[in-house]
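Read through the structure below, which is laid out as structure tokens, and then see the notes.
The chains referred to below are lettered A, B, ... by the order of the sequence lines, with proteins before strands, and numbering in each begins at 1.
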Protein chains: 2
Amino acid sequence: MDAIADDAGGKRARGLDRAFEILDFLRQKRQALKPNEIAAQIGAPRSSVYELVNLLLRNGILEFTGGDGRVYLGRKLYFLGAAYENHFDFTRECEAALERLAGETRETAQFCMLDGNKYTVVHMREGARPFRISTDIGQSVPIPWTASGRLLVAHMTDEEILAFIPPQDFQLPGGEWLDPQAFLTEVRQAGHEGFFTFNSIVDSFTHCFAVPVMDEGHAAATLCLVTPRDDGLANRDRYLACLKDAAASLGQAPTRPKRS
Amino acid sequence: MDAIADDAGGKRARGLDRAFEILDFLRQKRQALKPNEIAAQIGAPRSSVYELVNLLLRNGILEFTGGDGRVYLGRKLYFLGAAYENHFDFTRECEAALERLAGETRETAQFCMLDGNKYTVVHMREGARPFRISTDIGQSVPIPWTASGRLLVAHMTDEEILAFIPPQDFQLPGGEWLDPQAFLTEVRQAGHEGFFTFNSIVDSFTHCFAVPVMDEGHAAATLCLVTPRDDGLANRDRYLACLKDAAASLGQAPTRPKRS
DNA sequence: ATCATATGTTCAATATATTGGACATTGACG
DNA sequence: CGTCAATGTCCAATATATTGAACATATGAT
């Protein structure tokens, strides 16, 4: 039912969940915070947060940094993340693909995945354009805001999708609401065609292209281009072809465990 | 008192500690495992492991992979690790330094840190030598086995060092025991001279060089060269100079938080 | 068929983790 | 000075997480 963090009822929270809530919060903030601040901002009892922070510090999951008792994500997380990346050794090929894409199109190219029930940019190669048009790496973005979002949930049923995406994520940055049914229609279309493009609904001057990187029958990730609207429309076919090539080269090497 | 994982007494284990024990174990094994196997191999109650594995799966910390209900480290760990790496943005400079070192020396160059109370290779650039002489990235190695180990604990007092390093880690791979007092002497020497070199005690044909990457007054990491013995001895002064240059270039940019 | 092993699920007992609130300290401010 | 806010520590009460053991199922060997 619940995806990650629910401050719901009035019960006690499980330490493990609370701990990962803290880690996720620090990741979102992208800066060291005092335990007290963490407690206040995630709405958790201070004593609990102090207890958990100490536990996590002892395990190297958190580290003191920034002085004044501030803590941030620790080295052990780096090692664990590196092991994940190593197991599914996609980073090298991924960056090669982005490099190639950026070379062919001169546009900003991104490699995106789901992080829980949000969309996030995992790798990015900035284009030659003089302006900066993309979200930062690692930031969580509501799925309906993005072209990739249509593809990343395309393997689910309508009901699963609506249960998966938090209802408030259908509210666009401007404040308007996106009709869930319209979104589902686009999801089906994207899944069927094997790509999705649209004028960004996050800003008013970019056009977005997304194609799926297939793995085990569904979109495990997407490759995207973010372009100025006129460029995107003018080069649409060529850009799509580039993206599909790149995605195919990634997809055909699906999650292979590395041999030691 | 306890560093990370103690299956000591007869009491109940805390979920959080057990959870990270599972994660660390999977990282060590570097392969997906069934919950049952995990339980057996880390000596934890099966019901506890099943419970924790399910919790971790729900949070994306673990993922099903490899079929048959096997689990491995999950995508969320990748994101958390990436955030850590991003905060202390050393990876790019680090790999540049290794690249340069490898170019200048044609030897295998490594960037090493402590992971808990073990030594581990974080980044590596293989040399031009036709044989493979180094440990794998991310593997945990007893501190006394390595040249870098002398530097990485040099900021501690003798008592702290002996409390920090598990006693059995003074047993070398061949079975002989390294005298802790002799080790401490080498640590002091390394700390004083600002480098350490020796004929590897892990194998019989390499010579190791290590210099510290200083941060906040102590060795936060080391840069190392692993060379065939005769090459190492022949080029000792030049190699050391290269290493010190590289370490200085890394050290003078200490743990700077990235601005958003 | 019988036994052994590996795997996963369920459940009740109790050891303990989580929590609210009291307390201590510091610094800012009027 | 007194007051307020921010921060960290401490502690007892109780809700619950951890655990051993029983149970269920599958597979393979003898």
When the distance from [atom1] of [X] to [atom2] of [N] is rounded to whole Å, what number comes out?
{"X": "I42(A)", "N": "dT18(C)", "atom1": "CD1", "atom2": "C1'", "result": "14 Å"}
{"X": "N36(B)", "N": "dT5(C)", "atom1": "CG", "atom2": "P", "result": "14 Å"}
{"X": "Y50(A)", "N": "dG20(C)", "atom1": "OH", "atom2": "P", "result": "15 Å"}
{"X": "R18(B)", "N": "dT16(C)", "atom1": "CZ", "atom2": "C1'", "result": "14 Å"}
{"X": "K34(A)", "N": "dT25(C)", "atom1": "NZ", "atom2": "C1'", "result": "13 Å"}
{"X": "N54(B)", "N": "dA17(D)", "atom1": "CG", "atom2": "C1'", "result": "14 Å"}
{"X": "D68(A)", "N": "dT26(C)", "atom1": "CG", "atom2": "P", "result": "14 Å"}
{"X": "L33(A)", "N": "dG8(D)", "atom1": "CG", "atom2": "C1'", "result": "16 Å"}

### Message
Students often get this wrong, so: under 4.0 angstrom with heavy atoms, is R46(B) touching a base, only sugar-phosphate, or nothing?
### Response
base
### Task
Please work out if A40(A) contacts a base, only the sugar-phosphate, or nothing of the nucleic acid, heavy-atom cut-off 4.0 Å.
nothing
### Task
Tell me which of L16(B) and S47(A) sits closer to the 5' end of DNA chain D, going by the nucleotide each one is nearest to.
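This one resolves to S47(A).
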### Task
Assign each of E37(A) and A13(A) to its nearest nucleotide of DNA chain D by heavy atoms, then name whichever residue's nucleotide is nearer the 5' end.
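In this pair, the answer is E37(A).
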### Task
Quick one: pull up NZ in K118(B) and OG1 in T146(B) and give me the separation to the nearest 0.5 Å.
11.5 Å
### Task
State plainly whether the residues R14(A) and D17(A) are in salt-bridge range, i.e. N to O under 4.0 Å.
no
### Query
Between D115(A) and K76(B), is the closest basic N to carboxylate O distance under 4.0 Å?
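Result for this pair is yes, salt bridge flagged.
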### Nearest to side-chain heavy atoms of P45(B), which nucleotide of dT18(C), dG20(D), dG8(C)
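Of the candidates, dG20(D) comes closest.
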### Task
Look at the side chain of R12(A) and the base of dT14(D), then say whether one donor and one acceptor between them are separated by less than 3.5 Å.
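Side chain to base: pair present.
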### Query
Using 30° and 60° as the class limits, which term best fits the ring planes of H87(A) and Y72(B): parallel, tilted or perpendicular?
tilted
#### Entry: Heavy-atom side-chain proximity of L56(A) to F20(B) below 4.5 angstrom
yes
